[in-house]
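Note that the structure is predicted; figures quoted are calculated from it, not measured.
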Amino acid sequence: MRGWVQDLSDLALPAECGGCGSPPAVLCARCRALLERAEPRRVRPVPEPPGLPVVHAAAPYAREVRALLLAHKERGALALTGALGAALAGAVRAGLGPEPGRSMAESRAGPVILVPVPSARWAVRRRGHDPVRRMALVAAGRLRRAGVPARVAAVLRQRRPVVDQAGLDARRRRENLAGALEVRAGGAHLLAGGRVVLVDDLITTGASLAEAARALRATAGTRWEQDMPVYRGATREGREERQIGPRSQRGKSVHGAPEKGPVNIIGVAVRAAVIAAPRDSFE
């Protein structure tokens with residue numbers, strides 16, 4: 001309900017830019033240019049958490065970009081979804097290089113599968129929407145229009161409650177999220193044969209992306225493809241997303257050393273892309 005009501009209000013009421021506050025547009029030309037002209041690069045938080053996949057970010061998390069992300073996430077400025085999703089698509093494309101040990105042609109085989117890092121259920125309820133999934137849907141559409149087969153697979157879910165990450169240092173964030181995510185029943189089937197890219201709005205310590213990658217790694221070696229049919233009560237939000245049902249199947253958690261390249265899962269490599277990262281994390 002809140003989504004379309006907010007969309008209508010954004011169109012009908014005068015607004016100020018979510019980035020710099022200047023009227024009358026939700027996104028002024030200058031702030032739009034900050035996103036459109038961004039040159040995505042690889043980022044590495046310090047310290048780098050174990051298991052973090054290769055991450056590319058579109059822009060530094062500062063000033064206008066920070067304000068835009070917060071306006072979209074916390075204040076429901078849904079008119080920003082298109083520009084933010086386009087920036088995310090750019091970060092995804094930047095990370096789609098050849099995989100170690102494979103040719104460029106082999107690395108490009110299969111569709112790009114965007115896997116949103118899930119928000120806590122309480123956060124989604126409070127905000128009235130799932131900002132990362134919204135941006136992932138836009139990013140997938142942008143990639144398809146650019147000739148890159150892409151879809152969204154919301155296969156990750158929280159298996160236990162977590163506390164708000166705000167105010168936690170890197171160690172406490174890792175402890176807070178350790179073992180918190182899992183792949184939904186049937187999720188491994190949806191990931192097979194694709195180029196998997198974890199997507200989020202922001203990376204700070206890397207704890208969320210490292211935990212999401214761990215949850216995906218834990219699906220490797222399972223027999224879900226043979227033994228666990230996809231839940232038939234599935235829902236879909238847009239033709240580019242495959243959403244699966246509520247039943248869960250837990251695999252064994254595998255904790256590894258820090259990754260030097262993409263994380264391997266079910267024959268493909270897992271990468272990650274975000275819109276923003278701290279300025280000092282860019283290579």
Side-chain angles (χ1 to χ4, degrees), residues 1-40 43 56-92 114-145 150 152 154 164-167 197-204 208-209 237-238 240-241 243 272-279:
M1 175 71 73
R2 175 179 173 177
W4 66 264
V5 170
Q6 184 69 47
D7 284 337
L8 289 176
S9 65
D10 286 343
L11 292 173
L13 300 176
E16 59 184 28
C17 176
C20 65
S22 63
V26 165
L27 182 62
C28 73
R30 187 175 68 86
C31 290
R32 182 181 295 276
L34 288 175
L35 296 174
E36 292 180 346
R37 297 174 185 173
E39 297 182 3
V43 293
H56 283 75
Y61 185 61
R63 300 179 60 181
E64 290 89 347
V65 172
R66 177 180 183 274
L68 289 169
L69 287 174
L70 290 175
H72 179 260
K73 177 190 286 188
E74 303 296 347
R75 298 197 298 277
L78 303 183
L80 298 173
T81 306
L84 293 171
L88 181 59
V92 171
L114 305 184
V115 179
V117 175
S119 299
R121 295 188 185 100
W122 61 264
V124 174
R125 288 194 298 269
R126 177 175 60 80
R127 294 167 182 154
H129 73 124
D130 187 335
V132 175
R133 193 173 74 174
R134 281 184 180 274
M135 292 183 290
L137 291 169
V138 171
R142 288 292 185 119
L143 290 168
R144 288 196 302 273
R145 286 194 290 276
V152 175
D164 191 348
Q165 295 275 83
V197 182
L198 285 164
V199 293
D200 207 348
D201 58 345
L202 170 69
I203 181 174
T204 51
S208 296
L209 288 171
E237 181 180 338
E240 67 271 24
E241 178 178 17
Q243 176 71 38
V274 297
I275 295 172
R279 192 178 299 275

With rounding to the nearest 0.5 Å, note down the distance linking [atom1] in [X] to [atom2] in [Y].
X      : Y      : atom1 : atom2 : value
Ile275 : Arg66  : CD1   : CZ    : 15.0 Å
His72  : His129 : NE2   : NE2   : 5.5 Å
Met135 : Thr81  : CE    : OG1   : 7.5 Å
Arg32  : Cys17  : CZ    : SG    : 9.5 Å

Taking Arg144 for its side chain and Ala150 for its backbone only, find out whether a donor-acceptor pair lies under 3.5 Å. yes
If you take all heavy atoms of [X] and [Y], which pair is closest and at what distance?
X      : Y      : answer
Cys31  : Glu64  : SG-CG, 3.6 Å
Ala154 : Arg133 : CB-CD, 4.4 Å
Gly19  : Ala67  : O-CB, 3.4 Å
Ala277 : Ala57  : CB-CB, 3.8 Å
Ala140 : Leu114 : N-CD1, 3.8 Å
Asp200 : Leu88  : O-CD1, 4.0 Å

Going by side-chain contact (heavy atoms from CB on, under 4.5 Å), Leu143 matches just one of Val92, Val197, Val138. Which one? Val92
With heavy-atom distances below 4.5 Å as the criterion, would you say the side chains of [X] and [Y] are in contact?
X      : Y      : value
Val199 : Val274 : no
Ser119 : Arg127 : yes
Pro116 : Val152 : yes
Tyr61  : Ile203 : no
Arg30  : Cys20  : yes
Leu80  : Leu69  : no

From CA spacing to verdict: side-chain contact (heavy atoms from CB on, under 4.5 Å), Lys73, Asp201: CA-CA 9 Å; Lys73 177 190 286 188; Asp201 58 345; 2.7 Å; yes
